[in-house]
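Notes follow the structure.
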2 protein chains.
Amino acid sequence: MSFSTSEENYLKAIFKIAERKGVPVSTNAIAKELHTSAASVTDMLQKLAEKQLVQYRKYRGVELTSDGKEVATQLIRKHRLWESFLVEKLGFSWDEVHDIAEQLEHIDSPLLVNRLDAFLDFPKFDPHGDPIPDRNGKFTLRSQIPLHQLSSGEVGIVIAVQNHEKGYLTLLDELDIQIGTSIRLIETFDFDNSLKIEVSDSREHLISDHISKNIYVRKV
Amino acid sequence: MSFSTSEENYLKAIFKIAERKGVPVSTNAIAKELHTSAASVTDMLQKLAEKQLVQYRKYRGVELTSDGKEVATQLIRKHRLWESFLVEKLGFSWDEVHDIAEQLEHIDSPLLVNRLDAFLDFPKFDPHGDPIPDRNGKFTLRSQIPLHQLSSGEVGIVIAVQNHEKGYLTLLDELDIQIGTSIRLIETFDFDNSLKIEVSDSREHLISDHISKNIYVRKV
DNA sequence: AAGAATATTTAGATTTACCTAAAAAAAAAT
DNA sequence: ATTTTTTTTTAGGTAAATCTAAATATTCTT
């Protein structure tokens with residue numbers, strides 16, 4: 001079975017929100033994620049429910065069925081493989097690839113995906129540090145914590161960022177923060193949750209809660 | 001400006017028919033090429049005319065404007081670059097790539113196209129031997145003649161095939177005919193325009209007019 | 001627990017790209 | 001030069017995905 005680009009985008013959005021906030025996923029949360037109206041979301045949820053891709057209860061929100069999860073996972077696999085391709089093979093930087101991958105993920109050819117996977121040497125993580133599901137949909141898990149959960153003095157290596165907006169990633173570039181960068185937490189200000197950090201044993205920055213909460217590190 | 005997948009497909013179809021049969025291009029020819037109804041074609045032609053992509057005269061057929069040609073050429077460029085990528089980098093064979101490239105050609109990112117071009121080392125011809133327009137839309141021309149225009153005894157090198165249907169290409173594979181294969185014309189039967197040929201100085205075949213007319217060679 | 005605020009669904013339209021059937025124009029045949 | 005055939009257009013409709021406004025359900029507040 002195969003699905004429209006729009007249906008696929010809804011399934012992926014539901015998957016991502018469920019990952020962040022748990023189930024059930026609300027109509028409004030989906031509308032916000034996809035920059036569309038709540039009314040449109042309701043329409044689509046009813047359609048996806050008929051196709052057995054989601055379990056939907058009026059006014060109560062929605063949850064992916066195993067079929068729905070399968071579709072979402074394959075989309076995420078395609079998105080992250082294409083992002084890896086763009087960065088590794090075509091020389092794009094991590095802040096340029098999201099929108100292009102957003103288009104490429106809807107290309108329908110399982111053979112292409114698997115050939116691409118092999119061509120890239122079966123990468124486990126994409127350029128933003130997010131795990132790439134294998135052809136069976138299995139994610140490689142990695143112990144990661146949000147930057148602000150480090151204690152003062154502790155050092156972490158950046159392994160993922162959860163916000164892929166171009167502006168956010170460009171900002172990180174200016175702070176010299178990339179996947180693999182080491183960051184030492186100097187001090188936390190409870191007042192506004194801002195953090196003083198030291199990047200790569202050299203530059204010190206004061207960063208807002210808004211910036212730090214999307215950076216994930218592995219303690220070293 | 002950017003166009004829907006459907007609009008793009010119409011522009012490409014008009015371009016290809018004009019190449020084969022000249023202008024103006026008829027409504028029915030487009031309907032046949034796109035497997036759609038004549039009525040749908042008329043609708044779309046009126047829309048494309050409003051956008052200044054075609055010059056359209058009721059009942060008289062249609063012709064691309066320079067804007068329309070530009071869009072069509074860039075699509076062909078993308079299609080052929082992606083086909084080259086699929087064959088050269090991912091190990092597909094020439095009879096598997098058309099449908100996938102048909103999807104990939106609608107990905108909208110000029111930067112991506114040019115990076116892909118560079119990654120492939122600026123190829124001049126695709127796996128079917130067709131010229132790939134450069135970023136300015138210029139095609140490299142090559143003196144090619146249809147196989148049946150060889151005289152008896154003459155030898156040609158296959159440089160292009162004009163039909164990209166999977167079944168046709170698979171048939172050519174079985175005859176050991178690929179880009180670069182040398183073919184000697186032994187004899188032409190005027191009765192049904194079938195040809196007796198010798199492939200790669202070894203195998204002899206009798207091929208129908210239907211097969212031969214899509215094979216283009218360069219005399220040696 | 002009632003009223004206010006928020007979230008969600010329904011109703012009714014719009015746009016795009018398609019369709020079939022009927023009408024009209026152009027081309028071919030006698 | 002009519003008539004017949006073919007091609008093309010118009011008319012009217014459908015399905016997908018969206019929208020705004022109104023109605024209804026749920027949750028929050030006091």
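Because only heavy atoms are used, hydrogens play no part in the values below, and waters and symmetry mates are left out as well, while side chains stay in. Per chain, numbering begins at 1; letters A, B, ... match sequence-line order.
One finds a side-chain N or O of A/Tyr10 lying less than 4.0 angstrom from the OP1 or OP2 phosphate oxygen of D/dT18. Contact annotation: A/Asn28 side-chain N/O to C/dT8 OP1/OP2 distance is under 4.0 Å. For the pair B/Lys58 and C/dA24, the criterion of a side-chain N or O lying under 4.0 Å from OP1 or OP2 is not met. At the phosphate of C/dT9, OP1 or OP2 sits under 4.0 Å from a side-chain N or O atom of A/Thr42. For the OP1/OP2 pair of D/dC19 and a distance below 4.0 Å, the side-chain nitrogens and oxygens of A/Thr36 include at least one atom meeting the criterion. B/Gln46 has a side-chain polar atom (N or O) that falls below the 4.0 Å cut-off from OP1 or OP2 of D/dT10.
Counting non-hydrogen atoms under 4.0 angstrom, A/Thr27 reaches the backbone sugars and phosphates but no base. Note on A/Ser6: only backbone sugar-phosphate atoms sit closer than 4.0 angstrom, heavy atoms only; bases stay farther off.
Nearer the 5' end of DNA chain D, as judged by each residue's closest nucleotide, is the contact made by B/Arg60, out of A/Ser4 and B/Arg60. Residue-to-nucleotide proximity on DNA chain C shows that, of B/Met44 and B/Ala39, the 5′-proximal contact is made by B/Met44.
Residue A/Glu50 contributes atom CD, which lies 10 Å from atom P of D/dA16 at whole-angstrom precision. The separation between B/Ile30 atom CD1 and D/dT7 atom P is 14 Å, rounded to whole Å. Atom CD of A/Glu7 is separated from atom C1' of D/dT18 by 14 Å (rounded to the nearest Å). A/Leu45 places its CG atom 7 Å from the P atom of C/dT9, with the value rounded to the nearest Å. As a whole-Å value, the separation of B/Leu34 CG from C/dT16 C1' is 16 Å. Atom CG of B/Asp43 and atom P of C/dT15 are 15 Å apart (whole Å). We find that CD1 of B/Ile17 is positioned 15 Å from C1' of D/dT7, with the value rounded to whole Å. Going from atom OH of A/Tyr59 over to atom P of C/dT8 covers 10 Å, rounded to whole Å.
Nearest to the side-chain atoms of A/Ser26 among the listed nucleotides D/dC19, C/dC19, C/dT8 stands C/dT8.
Within 6.0 Å of NZ on A/Lys51 lie more than 12 heavy atoms contributed by other residues, nucleotides or ligands. For A/Gln162, the CD atom is densely surrounded, since the number of other residues' heavy atoms within 6.0 Å is greater than 12. Few gaps surround CD on A/Glu187; more than 12 heavy atoms of other groups in view lie less than 6.0 Å from it.
The side-chain hydrogen bond (donor to acceptor under 3.5 Å, both in side chains) search around A/Glu33 returns A/Arg20, not counting sequence neighbours. B/Asp130 pairs by the salt bridge (charged side-chain N to carboxylate O under 4.0 Å, His left out) definition with nothing, not counting sequence neighbours.
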